[in-house]
Each structure stands twice: as structure tokens, then as C-alpha cells.
Amino acid sequence: MIGKLVVFEGCEGSGKSTQLRLLSQFLTERGVDFILTREPGGSKISEEIRKIILDGKNTEMCDECEALLYAAARVQHLKETVIPALNSGKLVICDRYYYSSLAYQGYARGLGEQFVADINSFAIDNYPPYMTVFLDISPEDAFNRKHGADKNDRIEQLGLAFHRKVYEGYKALEAKYPDICAVDCSGTKAQTAEKIRNLFIERRVTEQ
Ligand code: TYD
């Protein structure tokens, strides 16, 4: 029995970490066999690549290099962590996946969806998500909620105009890919958590 891959996506400050924590508690209470992992990262080599990508000192990194490093971290993470877990029947919950690359590098950096899709074809063609939960909150509201960006993170430093483009990228992707389910995050954390749990039930995520 092959497990399902469920991805969480969203802009900076969308409350992804909190929601993933609450969801993990819910799944654990229900006895679901799952792993929680993240991108970029989730394996030793991918975590090393993550440090290079996010290091605020790497100011000379060009957009293509950035996109290729995310794709490199992704394929290693898939082969080392995600695929073995799916093959052993586990539910895999992944904090970000290739839609992040399409929104951040494809749309916001301006590399284009085709370039980014091409370098991620291993993931897109072979391991599409069963469901993608897009935490839908505008970057303006998210920034207000988070009280500003992390000064040392290369991507978070980019400012509101960049993050607006990311958001618009996600909205375009949502209109195009049926596995993306937008969850309105304008309510309380508890309300958002309930919407996510309902989605898991509606889409039969934890059923065999
Ligand atoms: P992280 O600290 O994990 O951010 P968050 O908590 O918002 O998920 O850093 C991941 C950063 O990398 C985040 O700014 C989004 C960005 N990113 C891309 O630009 N492209 C990608 O393909 C992925 C996976 C992440």
C-alpha cells in the first residue's frame, strides 16, 4: 500500500508552522502513521543545501542557481526520505514542495513556470501531491501578524513587493492545479486548524 503525500504551502507568516504542529497532534491522537518533513531540507544533504540557499551572506547567488539548488535539495529529499516513507505506506506531510519553486522562483523571481517545471520534472511527473493545502492569507496581513521578516534570511529579506508576487503566483497555481485547496486563514488559529482537519476528512486523506 503506497502512502499519500500531502503538502502545505503559503506565503511567509501564513502560520504554516503552527498549523503543522496542530495537525501533527491531531494525526498522532488518531494513531495515523505519518512523517512530517520539510523543504528545502528533510535529509542531510538537503539540509546542507538549505543553509547555502537561505544564508543572507550569499548575496551574489543568481536566480537560476537558487532554483536549481531548490530542485537539487528536492530530488535528494524525495529519494532519501519521501519515497521510502510512501513505499512503506506512511502518510507524508511536507512543509513546502514544488509549488513553492513555481511561485517563488517561477513567478516572483521571474524565471517562468516552464523553466522551473522543467528542472523539477522528476518530482512533478512522478510524485505529485495527493493534496496541497494552501494557507491563503495576503502577504500584507501575514507580515502584520508576524511583525516583520527575519533579517538574516535571504528570502525573507526581499520585502513586500516580492512577497505580493509570490502570493499572486500561488493564486494562479491554485486556479490551475486541482490538488491545491486554499484555506482562508483570516480567522483564529483554531478556526484554521478546524478547516484543515475538515479537508483531511473530506478528501479521505487518512483512509486506506
Ligand atoms: P523557511 O524558513 O522554511 O520558511 P517558511 O517557514 O516560510 O516555510 O524557509 C524556506 C524559504 O525558502 C521560504 O522563504 C520559501 C523559500 N522557498 C523557495 O523560494 N522555493 C522553494 O522551492 C522552496 C521549497 C522554498
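Remember, it's 1-based here, ligands and their atoms both numbered in the order they're listed. The structure presented is a predicted model; accordingly, all values stated were derived computationally and were not measured.
Geometric assessment of K165 against the ring of Y104 yields a negative cation-pi assignment under the 6.0 Å and 45° thresholds.
Comparing R74, R50, H163, E39 against atom 2 (O) of ligand 1, the shortest heavy-atom distance belongs to R50.
Checked by atom type and distance alone, the side chain of S46 never pairs as donor or acceptor with a backbone atom of G42 at under 3.5 Å.
Near E12, the atoms of ligand 1 lying under 4.0 angstrom from a non-hydrogen atom of the residue are 4 (O), 7 (O), 13 (C), 14 (O). For ligand 1 and Q105, the ligand atoms under 4.0 Å from any heavy atom of the residue are 18 (C), 19 (O), 20 (N), 21 (C), 22 (O). Shown in contact with K16 at under 4.0 Å from a heavy atom are these atoms of ligand 1, numbered in order with element: 5 (P), 8 (O).
Taking distance alone, with nitrogen or oxygen atoms compared against 3.5 Å, Y97 stays at or beyond that limit from ligand 1. Residue S17 has no N or O atom closer than 3.5 Å to an N or O atom of ligand 1.
Atom CG of residue L22 and atom CZ of residue R197 lie 7.5 Å apart, to the nearest 0.5 angstrom.
Ligand 1 does not have E66 within reach: every non-hydrogen atom of the residue lies 4.0 Å or more from it.
Counting heavy atoms under 4.0 Å from ligand 1, residue R38 does not touch it at all. Here L54 has side-chain heavy atoms under 4.0 Å from ligand 1, and that is the only part of it that gets that close. Neither the backbone nor the side chain of H77 comes within 4.0 Å of ligand 1, counting heavy atoms alone.
The shortest non-hydrogen separation linking A193 to Q19 is CA-OE1, 3.1 Å.
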Would you please test Y99 and Y177 for ring-ring contact (aromatic ring centres under 6.0 Å, His included) and show each step?
CA-CA 10 Å; Y99 290 124; Y177 295 96; 5.3 Å; yes

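In summary, E48 and K51 engage in a salt bridge, as defined by a charged side-chain N under 4.0 Å from a carboxylate O.
With E39 as the fixed residue, the salt bridge (charged side-chain N to carboxylate O under 4.0 Å, His left out) test singles out one of K16, R74, R96, R50: R74.
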